[in-house]
Structure formats: C-alpha cells, structure tokens
Amino acid sequence: MRPGGSLPVLASGGRFTLPSSRRSDGWTMDFTFAEDLREFLAHAYGVEVGSIPVGPCPAEFRGDLTVSGYVLARQLRRNPLEIAAKSAEFLGCHEDVGAVEAVKAFVNVTLVPAALMRDTVADGQKLLGSVVLPAPERRRILIEFSAPNTNKPQHLGHVRNNCIGMATAAILRRVGHDVARVNLVNDRGIHICKSMVAYLRFGQGETPESSGRKGDHLVGEYYVAFDAEFRRQVAALREARPEWAKASDEELFLRTEIGRTAQDMLIAWENGDGEVRALWERMNGWVLAGFEETYRRLGVCFEKTYLESETYTLGRDIIRQGLESGVFRRREDGAVVIDFSDPALGSKVVLRSDGTSVYVTQDIGTTLLKQNEFSPDQQIWVVGDEQVYHFRVLFAILGALGYPWADRLVHMAYGMVHLPSGRMKSREGTVVDADDLVQELEDLARAATLERAGAEVPEDIEERARVIGMAALKFMLLKVSPRTTLLFDPEASMTFEGDTGPYVLYAYARIRSMLRKAEAMPDEDRVDWAALGSAEEKALALRCAAYPDVVRKAAAELDSSALAGYLLDLAKDFSRFYRSCPVLSAPAAAQRDARLLLSDRVRAILRDGLETLTIGVLESM
RNA sequence: GCCCCGGUAGCUCAGUUGGAUAGAGCAACGGACUUCUAAUCCGUAGGUCGUGGGUUCAAUUCCCGCCCGGGGUGCCA
C-alpha cells in the first residue's frame, strides 16, 4: 500500500541528484556580448572566467539584461564596483549594446534589438533543440508511481500522484533520458479482504453490470460497508467489556467477529483457497477495469504494471542471504532485524517471527526485480511524504546489502492534498473522487465554452471540454511545488481564469488563430529582426530563450512547477505583446513578418511545454 | 522525547546555491471589447517574508534557539 493512510501528500525527502545543466539561472542560449565580456575580463585580470552571470533586468531599471558584479567578484576576487565599471566601459563600445549603465555593482545592458533577437529567438531549431542534454548526461531512469490499492476507487490524492508521475516522466524524457514508467498495484492484503467479506455479507450477488456501477466504485462501497459494520461491532465490544474501553480500533480488530472473518480470509487467500481466490479475482477484476477507465481519462499509462500478489514474497530470500552474511541478525523472539548505525533509523524488523514479510521486505524484492528487468541508472518512486522514513530505511538496507546502485535511488516525496475541511478521509466520505472530479471539470469546461461560443456550437465541443477540463486539473496540480501540502478548494480551484491551464491554452489558441489568418509564414532567413524592439517584444523573446534551461532545471530537480510557472509567464508575456503590438495589421511588412515569426516561436514553446506536462492543446477555444 | 517538512499580501501559492525597491493569481476597487479570440489586458490598494539572536559589505535566503502547523518514529501499508 503505497499512498498510505487516507492519502498522499508529500513532502520532500532529500535533494535529488540527476545530472543538471550548468546554469540554473539565466539562459542556455549564449549572448554574444556576454561571451565577449568573458574574454575581455579574463584577459584584463589574467584569470580564468567561467560563464558570465546574465539575468533579466528588473523592471525598475533601464535595460534588458543585467550582469551582476557581485557574482563576478567572487570569481575574479576584485572589487564588485570596479568590475562593474570596467565591464560597463567595455560593453559601451560593443556593437550589440545600445546602452549600458552601471548601478552600484550591477551592469544593466540594453541590447540593440537585432542582436537581442539574434541571440534569443532567431534560431528556432536551436531554441527547442537545446532542451536535450548532451549524450553523456542522459540516463536510463525507472519511475514508479500510482501504486493504488484495489479496495476502493481513486481520489484526488491519487490524481496528484498520477499527474506528478506522468509529468515527471515526460520531463525526464524531454531532456533525453530513457524513462520507463511502472505501476505496482497492491491487489492483495487485509484491505481487499475487508471488501470481500462485506460483499459476501451484504452484496446479494450484485455486479458492475447488474448495478450499472463502475467496478472500483462498487467494491469501494463494500469497503465502506465493512468499516461501518466493524465500527458497530467495536462499539458493542467496548460496551460489553469495559476493560477494553480504551483499546484502539486496531487492537480490537481481531476481537470483532467481522475483523476475525477478514483475517481468516486473508489466511485462506495465502493458502490458495479456491473459493476465496475466485472471489478475489472477480472483485479485483472489477476494480482493475475501473482503474483502467480512470487512467484512460487522465491519460496515465505505464510501460509495465507489477501486481503485488505476484511479487510480495520476493524479498525473503535476500533476507536469508543477508542473515548469513551478517547484515541482519535474528532476534531472541525469532524476528529478523537490521540495526542501523544511524540512530535516526534505529532498528528495523525485516522478517516477522513467523517468517512472513513486512512492507520493506517486499520493497527490497521489487526493487531488485525492477533493477534486474530494466537495469536503470536510477530508480525513482513517486510516493507521499508520509513514507519518507520507509524509503530511507529501504535505501539504507539496500546499501548495507552492498548494491552499488543503492545510493542512486530517489524517493520523490510529494505533499498531501487537503480540503478546506481538512484531510481527506474515505471512511467519512470526505474524499474528492477522481472520476467525479474529471467529469465535473469537463462539464464546467463545456458550459464555459458554450457560453463564449454564442449561437454557434463548435463541432468539437466534447473534445474541447475534455482538453480544457484536463488542462485545468493537471495544471492546478502541477503548478505548485510537489513537496507542498496542497489545499484543494473546489470553489476557487474549478476555474479557467487567471493562473490556470486554460489560460495557457488560450494563449496558444489565439496564436493558432492568428497564424491561420496569416496563411503563409514568412521566410525565416529573410526576416528582419531589427523591425522589433518594443518592451513587450523584447521581454517575450528573452522569455522564449529561457525555455531550455527551465526544462532542464525541472528535470534535474524533479519539479514540474518550474515548467508550469514558466509557461504561465510566457503566456502572460504573450498576452501583453498581443494587446499592444498588432501583428497582422502591423504598420510595416517587415514588422508583421517578424512579429508573426516571434508568435510562432511562442506557439512552439507553449505546445512543447504543455506536452511535456502531459497537457494537450486546442487549435481554437 | 527524537527525526523530517512547512510558516512570505485577506486567501492560494511562487521566489531562496546570499545580492538592486519581495512577486503572481484569486478576492476588493477603478479602467479597456466598431480593433489579430475580453478564458484577455491596464491601473489602485494590500507585506515587521512566524519570532529572537548570529555570520556577512549584503539575509526571506546560511547557522543556532524558540513558537505554531503537518507528517513520521509498528513483527501496518
């Protein structure tokens, strides 16, 4: 059971260690003036100078870009003000520079428009092409996510997990890694037996077909029914036996008739009891079919799906071997444990005294299985932050067992989803169901689209509703940092305005519309970039140029929110440009062509970026 | 008790390998559709960056203490 308790959330386990681009700030695209400045400074001070720290110039100052004298000062070991003055002096004579101003230790550079465009958006191939890492930095990565239990339908917490997993995989692929997505379905255990017991007791033989209900929802109802009956029995027990009044539900589980029945069923399942297995297969089949439907709607897919019923015994042999080699020891009570030198980890049982596996033992087994089947350089688990300790233990055990790849395992811990009323709790019915949520967003998107369409109903209205609804959902989940505990306020979240997926989609659709009207695209080689130069145009071009680094940073830090935030900024920059710079009706042909091409660059990046977040686009909205 | 994560505008969240006057969306208020799609744009208002120290030319960012919230600390998953 991966996503734990009532579900997810996450937090952050340590730092991630994927190969990263050299600079996290600034641009991968090289500015000619910066390169020339680098050489100049290296020569002037007789020191090796790394890359020049170029960043955006804050709006309050005059300039397009800013070079920080403070950062250079660390490399050059000179006075920042002196460096800034010297740099400004040099840049004042540079042909690309229209104006330069040193303010304190900052050098604000205004580029000649043609140079700015040349160094940013002129080469469209390079712009999108440089997202990909050089071959030596590419890795084979296996990412596990979703990992649902087959006793109830998925809810918003699972949706966050699924979306983060899919988007992270897509981001890693985008920069050139070889990524395999795997799911590990928890299809066995006491929780499934609970649904089964309740079904036998209250189900009267109903099926998804007979009830017209989606299989996972149907089974989930019996899980809830079990809990209701269990609570009733526990309450009665406490009433009858005052000495147990203070015992926890868990402590009393096996004292209740229904709890005992579920436990017996689990044992029967493990012994391969025919009837139990048949019922289990039937009900699991219903749930898995339901999941398939949910995954289809969300666009979730995997290269491989493991079933825990087939892997849960795998770790035991490794434990026995480790016992012989002294990694583990057998405690007086018969349980096998590992004693960590790190006091924060303490001592951990890996095999119960009856010889059965615990959670971490199974994970040792599946980790080895995945390692053998995929030979990844790195494995990533997208699992809620409540399991940080579990993964620290798992990784420490694998390290103790001597696997050289153990220090490259990553737990991508993400935060829980909370509702305004607090944590989601299945038993109390305070969960946001995944299927309902998707449906609701699609309905809202349809209504919003029709409202704006006026009399003519678009032919592809269903497609639009689907794409817009999903964009809203995924963007909402992906735009916040994975580690953040997310508050889902239905009122405020179900909107298509402001910082949302549909906002980005809208910018894309407006560009498409414009390009359709333009009919022919101008010849790239003949465009006169010098025709541009307004603040909006320059800001847009500079934003475009930052794209490759943003994607690389998102990949290196496993952070979809860096990319989502960037796309929002880009769409915003475009909207400003669109408002103040007429394209099709630009005063001069050269201006029209250059603006058209600039718009097309934005279009390409928006599409590339959205797809890298697994969000589809629309040609019209 | 101990460990981990978080505390930034009324709300939801960015920003932080230390750097110029801390940002966005929503909500509030005021503007802009005979003009390439107003799911848009512009403006106003809104902050002791939890708190107290320390390091530094420079701290929301790094270090220590404290307060508040969440999670973890099982022969559960």
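Letters A, B, ... mirror the listed sequences (proteins, then strands); counts begin at 1.
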(request) Represent RNA chain B in dot-bracket notation, 5' to 3'. Only Watson-Crick or G-U wobble pairs with both distances under 3.5 Å count; pseudoknot-style crossings use [ ] and interstrand partners use |. (result) ((((((((.[[[[.)...(...]]]].(((((.......))))).....[[[[[..)....]]]]])))))))....

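- Counting any heavy atom pair closer than 4.0 Å across all strands shown, A:Thr356 reaches no nucleic acid atom.
- Under the 30°/60° scheme for interplanar angles, the aromatic rings of A:Phe395 and A:Phe391 are found to be tilted.
- Stacking between A:Tyr503 and B:A39 is absent: the aromatic ring centre is not both under 5.5 angstrom from the base six-membered ring centre and within 30 degrees in plane angle.
- Counted by atom type alone, A:Thr449 and A:Arg464 present zero donor-acceptor pairs between their side chains at under 3.5 Å.
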(request) Take nucleotides 7-14 of chain B nucleotide by nucleotide from the 5' end and write B, S or -, depending on whether a protein heavy atom sits under 4.0 Å from the base, only from the sugar-phosphate, or from neither. (result) -----SSS

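- Remark: the A:Arg352 side chain and the B:G74 base include no donor-acceptor N/O pair separated by less than 3.5 Å.
- Between the side chain of A:Thr500 and the base of B:A39, no donor-acceptor pair of N or O atoms lies under 3.5 Å.
- Checked against ring pair (Phe, Tyr, Trp, His ring centres under 6.0 Å), A:Tyr508 has no partners two or more places apart in sequence or in another chain.
- Among the protein residues, A:Leu505 comes within range of no part of the nucleic acid, since none of its heavy atoms lies under 4.0 Å from any strand.
- Proximity of A:Arg483 to the phosphate of B:C5: no side-chain N or O atom is located under 4.0 Å from OP1 or OP2.
- Within 3.5 Å, no donor on the side chain of A:Ser68 pairs with an acceptor on the base of B:A20, nor the reverse.
- A donor-acceptor pair under 3.5 Å links the side-chain atoms of A:Tyr566 to the main chain of A:Arg543, judged by distance alone.
- In this structure, A:Ser580 reaches neither bases nor backbone, as no heavy-atom distance under 4.0 Å exists between it and the strands shown.
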(request) For salt bridge (Lys or Arg N to Asp or Glu O under 4.0 Å), just list the numbers for A:Asp499 and A:Lys572, CA-CA rounded to whole Å, side-chain angles, deciding distance to a tenth of an Å, and then say yes or no. (result) CA-CA 9 Å; A:Asp499 279 355; A:Lys572 218 170 290 182; 3.6 Å; yes

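- Taking the P atom of each, B:G52 and B:G31 are spaced 42 Å apart, rounded to whole Å.
- Here the side chain of A:Ser575 is nearest to one of B:C75, B:U40, B:A20, namely B:U40.
- Per the stacking criterion (ring centres < 5.5 Å, plane angle < 30°), A:Tyr70 stacks onto the base of B:G19.
- A stacked arrangement is not assigned to A:Phe106 and the six-membered base ring of B:G19, the conditions of a centre distance below 5.5 Å and an interplanar angle below 30° not being jointly met.
- Rounded to whole Å, the separation between the P atoms of B:C4 and B:A45 comes to 43 Å.
- A donor-acceptor contact under 3.5 Å is formed by the side chain of A:Ser353 with the base of B:C75.
- Considering A:Arg329, A:Arg330, A:Lys348 as possible partners of A:Asp339, the one that fulfils the salt bridge (Lys or Arg N to Asp or Glu O under 4.0 Å) test is A:Arg329.
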